[in-house]
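Below is one structure; the comments refer to it alone.
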Amino acid sequence: MKLKKILLGTVVVLGVAGVGGWFSLDKETRGLLATLPTNPDVLFWSQPQRDAAFRALDRLPILAKANVVPASGTPSPLPTGAPLKLPTDVDAYMAAQHSAALLVVHDGKLRLERYGLGFDAAGRWTSFSVAKSFTSTLVGAAVKDGFIKSLDDKVSLYIPDLKGSAYDEVSVRQLLTMTSGVQWNEDYNDPNSDVAQFNKHKPEGGMEALVSYMRKLPRAAPAGTKWNYSTGETNLVGTLVQQATKKPLATYLAEKVWGPAGMEQQATWLLSKTGQEIGGCCVQAASRDYARMGLFILGGAKVNGQSIVPEGWWEEATTKRTEIGVPGRGYGYQWWTLDDGTYMARGIFGQAIFLDPKRKLVIVSNASWTGGARDAAAMKARDEFHLTVQKAIDAEGGAPAQ
């Protein structure tokens, strides 16, 4: 995800101050202005810039524009349960994760809720690629609503500007599982990678920015034969949903998820340079509402007893559809899967929603990892924390039936 380059942050500060005064701004906006990035690429921001911006990416239109997802008129309860007894030092864990929020919800009750980095329950933290799983859920809803006829339809049927490109051979299902075979480089440390370059692309006239970039990519493998992680492909999934439903993603998310799931606070979804929500990134939401999203999914995403997705969707979406080269793990429909039946929505710099259906468990993590976008040590520690929580639940007698 890229943001517009800001050459003189002080000009922005003075402009905002002239309108309403520095102290009329909320603390998140003041923090962002105080550390305003000059690099257009979030992947290469300093730690103080990330810490300030991840809670405020939607605050200044000069940085990024966003569409609003309104809060639900009837917020769903998230009652507090008995504190979860853990054998680990949660403070030390959060410090090592550079954690902004850590929530554990078990059987519908909030068993652990902690905040750091000056963040709190009233704020919104960016999702990064956790949004991929939101977008995937909207695909399921679009299938149920009849906007998408079949996951085996070709992508270019819904995005005509992709006709004649490598995506002509790719199905919606293959796009969801990132097995298109189209070349893409997701190296977050390489400023010349596709993930670092696609938002700098000047779109062809009348064409969505992302589609303009993606239609030029060459084929690297036959469709359906190779998994390759690609944020660009989830962005295409988002475009496909928008073009199939004729609605912005924020609007469809509000209709199908945010309202029915009873989200307590409004969310926002960042836009591309041509004004469409970025399907692979950047929902800003309260940590408690990320937890509600997890509960909504665990409950089958039902509204008045009817699921918003087709029968059997979750069994396919949240289990291994393709190998990713890691024993015991796989990839579903934009969900990271484990062979034990758990699965995750995951984003760079430490964002995650971990779901364990057998234990009725949701763990939300918001962070600003200090070791980079894919901090291997932090990721390993987070996996271990998930196991620690599962064992603590089991020790209470909440172990799943064998």
Side-chain angles (χ1 to χ4, degrees), residues 1-3 41-43 54 57-58 64-67 69 125-140 142 155 158-159 162 167 170 172-180 182-188 193-201 203 208-215 217 227-245 248-250 252-253 257 267-285 290 293 317 321-322 324 331-336 344-353 373-374:
M1 192 274 299
K2 308 293 191 306
L3 304 177
D41 194 331
V42 66
L43 299 173
F54 289 1
L57 288 179
D58 57 1
K65 293 180 173 62
N67 280 343
V69 184
W125 197 267
T126 193
S127 69
F128 289 115
S129 289
V130 166
K132 289 179 167 67
S133 302
F134 289 29
T135 299
S136 164
T137 301
L138 295 183
V139 173
V155 172
Y158 299 95
I159 311 177
L162 288 176
Y167 284 99
V170 178
V172 177
R173 192 186 310 275
Q174 289 162 345
L175 203 63
L176 280 172
T177 57
M178 297 191 183
T179 57
S180 72
V182 177
Q183 183 175 295
W184 175 270
N185 180 356
E186 188 90 7
D187 186 346
Y188 299 121
S193 67
D194 292 300
V195 75
Q197 288 293 320
F198 76 91
N199 264 344
K200 298 176 183 177
H201 174 72
E208 185 180 338
L210 174 81
V211 174
S212 177
Y213 185 89
M214 300 295 285
R215 70 194 299 267
L217 297 177
W227 180 79
N228 181 49
Y229 188 78
S230 169
T231 291
E233 301 218 321
T234 316
N235 292 347
L236 281 183
V237 173
T239 297
L240 190 152
V241 172
Q242 291 176 71
Q243 296 201 13
T245 63
L249 288 181
Y252 203 45
L253 181 68
V257 176
T268 60
W269 203 326
L270 296 193
L271 307 178
S272 70
K273 65 174 64 177
T274 47
Q276 293 81 28
E277 291 90 346
I278 304 168
C281 181
C282 308
V283 169
Q284 283 62 233
Y290 286 130
M293 180 67 174
R321 300 294 100 193
T322 183
I324 62 172
Y331 202 69
Y333 296 163
Q334 308 286 304
W335 293 92
W336 298 89
M344 293 176 65
R346 209 168 76 183
I348 56 174
F349 294 108
Q351 322 320 315
I353 305 175
R374 287 176 170 167

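- Side chain of Trp269 to main chain of Ile278: a donor-acceptor pair is present (N/O by atom type, distance under 3.5 Å, no hydrogens or angles).
- One N or O on the side chain of Gln351 and one on the backbone of Ile348 form a donor-acceptor pair closer than 3.5 Å.
- Met344 contributes atom CE, which lies 9.5 Å from atom CH2 of Trp336 (distance to the nearest 0.5 angstrom).
- For the pairing with Thr239, the side-chain contact (heavy atoms from CB on, under 4.5 Å) check across Val155, Thr234, Val211, Leu162 returns one residue only, Val211.
- One N or O on the side chain of Tyr290 and one on the backbone of Trp125 form a donor-acceptor pair closer than 3.5 Å.
- Scanning all heavy atoms of the two residues, the minimum distance from Thr274 to Ala209 falls at OG1-N, 3.1 Å.
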Q: Please test Thr137 against Met293 for side-chain contact (heavy atoms from CB on, under 4.5 Å), starting from the C-alpha separation and ending with a verdict.
A: CA-CA 11 Å; Thr137 301; Met293 180 67 174; 4.3 Å; yes

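- Relative ring orientation between Phe349 and Phe54 is described as tilted, the plane-to-plane angle lying within the 30° to 60° band.
- To the nearest 0.5 Å, atom CZ of residue Phe128 and atom CG of residue Leu270 are 9.0 Å apart.
- Under the side chain to side chain contact (heavy atoms under 4.5 Å, CB included) criterion, Asn67 pairs with Pro248, Ala250, Leu271, Glu277, sequence neighbours left out.
- To the nearest 0.5 Å, the span separating CG on Leu210 from CG on Leu236 amounts to 5.0 Å.
- Within the 3.5 Å criterion, the main-chain N or O of Asp194 finds no donor-acceptor partner in the side chain of Asn185.
- Between the Ser180 side chain and the Val170 main chain, no donor and acceptor come within less than 3.5 Å of each other.
- Put simply, CD on Gln242 and CD on Glu208 are 6.0 Å apart, with the number rounded to the nearest 0.5 Å.
- In this structure a side-chain-to-backbone donor-acceptor pair under 3.5 Å is present from Gln284 to Cys282.
- No donor-acceptor pair closer than 3.5 Å links the side chain of Gln174 to the backbone N or O of Thr179.
- With Glu186 contributing its side chain and Trp184 its backbone, the two residues share no donor-acceptor pair below 3.5 Å.
- For the residue pair Glu233/Tyr167, the side-chain donor-acceptor check at 3.5 Å is satisfied.
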Q. What do the steps show when you test Thr177 against Trp227 for side-chain contact (heavy atoms from CB on, under 4.5 Å), and what is the final call?
A. CA-CA 7 Å; Thr177 57; Trp227 180 79; 5.6 Å; no

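- A side-chain N or O of Lys132 and one of Thr231 form a donor-acceptor pair less than 3.5 Å apart.
- Of the possible polar contacts, none joining the Thr135 side chain to the Gly238 backbone as a donor-acceptor pair under 3.5 Å is found.
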